[in-house]
Amino acid sequence: MQVELLEIRQHMAQFPPFEQLSDDLLDELASQVEVGYFQAETDIYHHGDAVEYLHYIRSGAIDLYRRNGDLYNRLSEGDIFGQFDLLRDQRVRFPARAIEDTLIYFIPLAAFQHLCEADDNFADFVEVERPRLESTVDQQRKGHEMLVTRVRKLATRAPVMVESGATVQEAAQRMGEHSASSVLVLAAPQTPDDSHAFTHEDGQLRRMIGILTDHDLRNRVLAKGRPTSTTVGELIDERPITIQSDESVYEAMLRMLRNNIHHLPVLYRRRPVGVLHLSDIVRHETNSSLYLVDNIFRQPNAEGLATMSRDVRAAFVRMVNEDDNSQMVGSSLSSIGRAFTRRLLELAEEELGPPPVPYCFMALGSMARNEQSIVTDQDNALVLDDSFDPEQHDAYFLTLAQRVSDGLAACGYSYCKGDVMATNARWRQPLHVWQQYFRDWIDDPSAERLLHSSIFFDLDSVYGDEAFAESLQDLVAERASQRPRFLAAMARNALNRTPPLGFFRTFVMEKDGEQNNTINLKRRGTAPLVDLIRVHALACGSRAQNSFDRLEDINKTRLLAGHSGERIRYALEFIAMVRIRHQVIDIQEEREPDNNIEPENVSDNERHNLKDAFQVLSNAQKFLKFRYPMPSQKR
């Protein structure tokens with residue numbers, strides 16, 4: 001894209017209603033924009049003139065007038081005008097006049113109409129009167145702004161870039177000149193058709209190979225006594241974590257938290273367009289779990305981490321009271337849990353020394369799915385390099401696992417009652433053993449193996465060599481979809497927990513000791529929904545771990561009929577939110593939160609919707625048994 005067009009799209013992408021457009025729509029729009037300049041005190045158009053463009057103010061300011069000459073509105077940089085005229089009779093209703101030197105982008109009528117048809121948010125913005133629009137947007141964004149705000153809105157400064165052959169002194173000088181805390185490192189492409197290459201401002205092909213931060217200069221240069229002539233290429237990790245400019249701020253936040261980084265290069269396709277710093281998001285969203293995660297990594301010992309359990313509950317209550325949905329709450333709590341785990345592993349390694357062989361510490365269950373709640377236990381495992389020798393190495397990893405497990409328990413993550421933890425030698429094995437476990441569970445399912453599959457097939461790396469976890473994810477995705485007998489067995493296993501609906505769709509209460517006359521929303525709602533989603537995901541070879549992401553993959557296939565996938569999504573979200581909200585009530589009333597509700601304490605509207613959600617679950621379970629029949633045995 002030409003530099004001029006890139007400047008147009010980057011400026012428009014910062015302001016509504018263009019900030020939520022996809023990159024493709026922005027590219028198309030920028031190529032059609034015409035530019036006009038108006039001196040101060042110049043008329044832009046008069047009452048009754050034909051209107052053929054939507055007007056976008058690039059710089060300057062204009063006044064809109066009523067027919068009697070009274071001021072109607074004053075607009076400035078980033079504002080648009082003329083939209084209502086385009087939607088009515090394409091004649092000027094409010095004359096416009098520049099009150100200072102003004103640069104305007106003219107968006108042709110055809111492009112305006114295309115945007116209205118292609119993007120609902122754009123259409124809503126230009127079709128609704130301003131007060132109503134602001135009221136609606138403010139209400140929706142109160143809890144979900146990070147989901148709809150794109151990264152490019154925060155990363156507004158062009159990145160500082162240096163070649164890999166530059167010295168650290170030169171890089172530091174560039175950072176000082178631009179008041180930047182990082183520089184992106186560029187190199188020539190490895191091959192002429194390098195998929196990561198982009199055209200630099202000098203017209204040459206380059207690719208971004210890494211990032212150097214002020215933290216790196218302190219820790220990798222000054223602290224190590226390296227000379228200032230050291231090249232930046234010697235210091236960087238050539239697998240930088242990046243994000244696309246049209247992804248959400250929320251996704252950027254999670255990427256930083258999961259990888260314990262403070263700088264995130266922002267790309268428009270392959271071209272670097274900015275660097276997002278953790279402080280940018282903190283300024284944007286001060287009432288988030290970011291402070292908590294940052295504080296976790298600042299704790300000097302396990303005792304300090306244990307004092308933060310109250311903070312976790314406070315963050316949970318705040319998120320729910322601010323109307324965050326279950327995906328945001330689950331992702332945030334999972335990121336907090338991962339942060340505790342990572343910090344405990346870092347502290348353990350500082351005391352025990354470096355690991356004797358590479359390893360991957362895996363999260364299982366709800367943390368791996370990014371669906372953790374405030375009521376949770378710990379499910380984890382260790383995957384070790386195949387060079388692992390039990391006699392030489394296992395004492396180290398047992399101690400490591402015990403430090404983490406005990407530390408998590410002190411932080412509020414109770415020990416797993418089923419002993420699915422890395423402290424169990426069975427779940428602390430080299431990669432080839434894990435691969436054989438998974439093959440056996442899929443190829444020859446039994447009751448115990450099906451239980452293991454339901455637990456271990458929701459897995460993700462928390463710390464260490466991610467490739468180990470990824471290889472297991474690949475094995476499951478490729479093998480399970482080819483085993484009808486396994487899928488049928490998993491489907492039947494997913495029917496063991498049914499929704500609490502009796503005749504005439506009345507609730508069936510729990511009758512298990514202390515929880516009489518209650519409904520366990522996890523056992524009878526979210527868990528069976530997660531189970532059946534997992535079966536469909538295994539059948540279609542999905543590599544996603546999160547249940548909502550799995551539903552997206554499932555909906556791309558023909559496994560579910562009609563709108564069944566959307567109904568399942570609705571049911572999971574609603575039941576999860578009822579469960580979460582009642583846990584907040586427990587905390588606020590100083591009760592220990594659990595997964596149970598008493599129907600008489602539920603509002604009529606919520607009770608009605610719960611019955612509908614449970615009915616969706618019931619119907620989905622009936623279909624599950626039909627969809628995956630047990631293959632007949634060959635004689």
Side-chain angles (χ1 to χ4, degrees), residues 1-14 18 21-33 35 58 105 150-214 216-217 220-221 228-247 252 255 261-277 280:
M1 177 176 282
Q2 299 176 7
V3 175
E4 295 82 3
L5 296 184
L6 187 62
E7 195 279 334
I8 290 174
R9 77 175 300 283
Q10 288 182 335
H11 191 275
M12 297 181 74
Q14 299 177 52
F18 308 99
L21 294 180
S22 68
D23 278 334
D24 289 338
L25 282 175
L26 273 173
D27 288 347
E28 184 179 353
L29 177 62
S31 67
Q32 300 178 66
V33 164
V35 182
R58 171 60 178 83
Y105 292 161
R150 298 182 188 271
V151 167
R152 60 180 179 239
K153 185 175 182 181
L154 273 62
T156 55
R157 291 182 58 187
V160 181
M161 297 185 281
V162 299
E163 296 291 329
S164 60
T167 66
V168 293
Q169 183 176 14
E170 293 169 337
Q173 289 172 343
R174 292 291 306 279
M175 290 165 66
E177 292 168 1
H178 294 272
S179 299
S181 59
S182 66
V183 291
L184 300 184
V185 183
L186 307 181
Q190 295 177 327
T191 61
D193 58 349
D194 191 327
S195 61
H196 297 287
F198 68 95
T199 302
H200 194 35
E201 292 178 354
D202 59 9
Q204 301 297 313
L205 287 177
R206 291 286 188 277
R207 64 187 180 95
M208 191 195 75
I209 61 171
I211 182 172
L212 185 74
T213 69
D214 50 4
D216 295 327
L217 291 176
R220 297 186 181 186
V221 180
T228 56
S229 60
T230 304
T231 63
V232 294
E234 299 175 53
L235 299 175
I236 61 170
D237 297 320
E238 291 202 18
R239 293 183 61 185
I241 298 164
T242 64
I243 193 164
Q244 288 293 315
S245 61
D246 65 346
E247 292 194 67
R255 204 161 296 182
I261 57 176
H262 286 190
H263 295 78
L264 189 62
V266 180
L267 305 182
Y268 167 57
R269 305 227 166 99
R270 297 175 295 277
R271 176 193 296 274
V273 294
V275 176
L276 194 65
H277 191 273
D280 297 324

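- T230 has its side chain out of reach of V221: every pair of non-hydrogen atoms, C-beta onward, lies at least 4.5 Å apart.
- Taking 4.5 Å as the limit, every side-chain heavy atom of V266 sits out of range of all side-chain heavy atoms of R152.
- For the pair L21/M12, no side-chain contact is recorded, criterion being any heavy-atom separation below 4.5 Å from C-beta on.
- Smallest separation of non-hydrogen atoms from S179 and R157: O-NH1, 3.5 Å.
- Side-chain atoms of R58 do not come within 3.5 Å of backbone N or O of Y105 as any donor-acceptor pair.
- Annotation: side chain of R207 is in contact with side chain of Q190 (closest heavy-atom distance under 4.5 Å).
- Judged by distance alone, with hydrogens and angles left aside, the side-chain atoms of R174 form a donor-acceptor pair with the main-chain N or O of M161 at under 3.5 Å.
- Using a 4.5 Å cut-off on side-chain heavy atoms (C-beta onward), V183 and E170 make no contact.
- Annotation for T199 and R271: closest pair O-NH2, 3.1 Å, computed over non-hydrogen atoms.
- Under the rule for a side chain to side chain donor-acceptor pair (under 3.5 Å), the partners of E234 that lie at least two apart in sequence or sit in another chain are T231.
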- What do the steps show when you test F198 against L267 for side chain to side chain contact (heavy atoms under 4.5 Å, CB included), and what is the final call? CA-CA 10 Å; F198 68 95; L267 305 182; over 6 Å; no
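- Taking the salt bridge (charged side-chain N to carboxylate O under 4.0 Å, His left out) definition, one finds that D246 meets it with nothing, sequence neighbours left out.
- Rounding to the nearest 0.5 Å gives a distance of 4.5 Å between CG of L212 and CG of L217.
- Interatomic distance, S182 OG to H262 NE2, rounded to the nearest 0.5 Å: 13.0 Å.
- The minimum heavy-atom distance between V162 and A171, with the atom names listed, is CG1-CA, 4.5 Å.
- The neighbour count for H196 NE2, taken as heavy atoms of other residues, nucleotides or ligands under 6.0 Å away, does not exceed 12.
- Applying the side chain to side chain donor-acceptor pair (under 3.5 Å) rule to Q14 yields no partners; only residues at least two apart in sequence or on another chain are considered.
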- Task: Evaluate side chain to side chain contact (heavy atoms under 4.5 Å, CB included) for T228 paired with T167, printing each intermediate quantity in order.
- Result: CA-CA 7 Å; T228 56; T167 66; over 6 Å; no
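- Between R9 and A30, the shortest heavy-atom distance links the atoms CB-CB, 3.9 Å.
- Going from atom OG of S181 over to atom CE of M175 covers 6.0 Å, rounded to the nearest 0.5 Å.
- In this structure, CG in L5 is found 10.5 Å from CG in L29, a value given to the nearest 0.5 Å.
- Looking only at distances, no side-chain donor or acceptor of R206 sits under 3.5 Å from a matching main-chain atom of L186.
- Minimum interatomic distance between S245 and V273 (heavy atoms only, all atoms of both residues): CB-CG2, 4.4 Å.
- Side-chain contact between V168 and L235 is present, with at least one heavy-atom pair separated by less than 4.5 Å.
- Judged by distance alone, the side chain of R255 and the main-chain N or O of T242 form a donor-acceptor pair under 3.5 Å.
- Taken from NE2 in H263 to CG in D280, the straight-line distance is 9.0 Å, to the nearest 0.5 Å.
- Rounding to the nearest 0.5 angstrom, the gap separating the CG atom in D27 from the CG atom in L6 is 9.0 Å.
- Considering all non-hydrogen atoms of both residues, V185 and S164 come closest at CG1-CA, 3.6 Å.
- Side chain of Q32 to main chain of E28: a donor-acceptor pair is present (N/O by atom type, distance under 3.5 Å, no hydrogens or angles).
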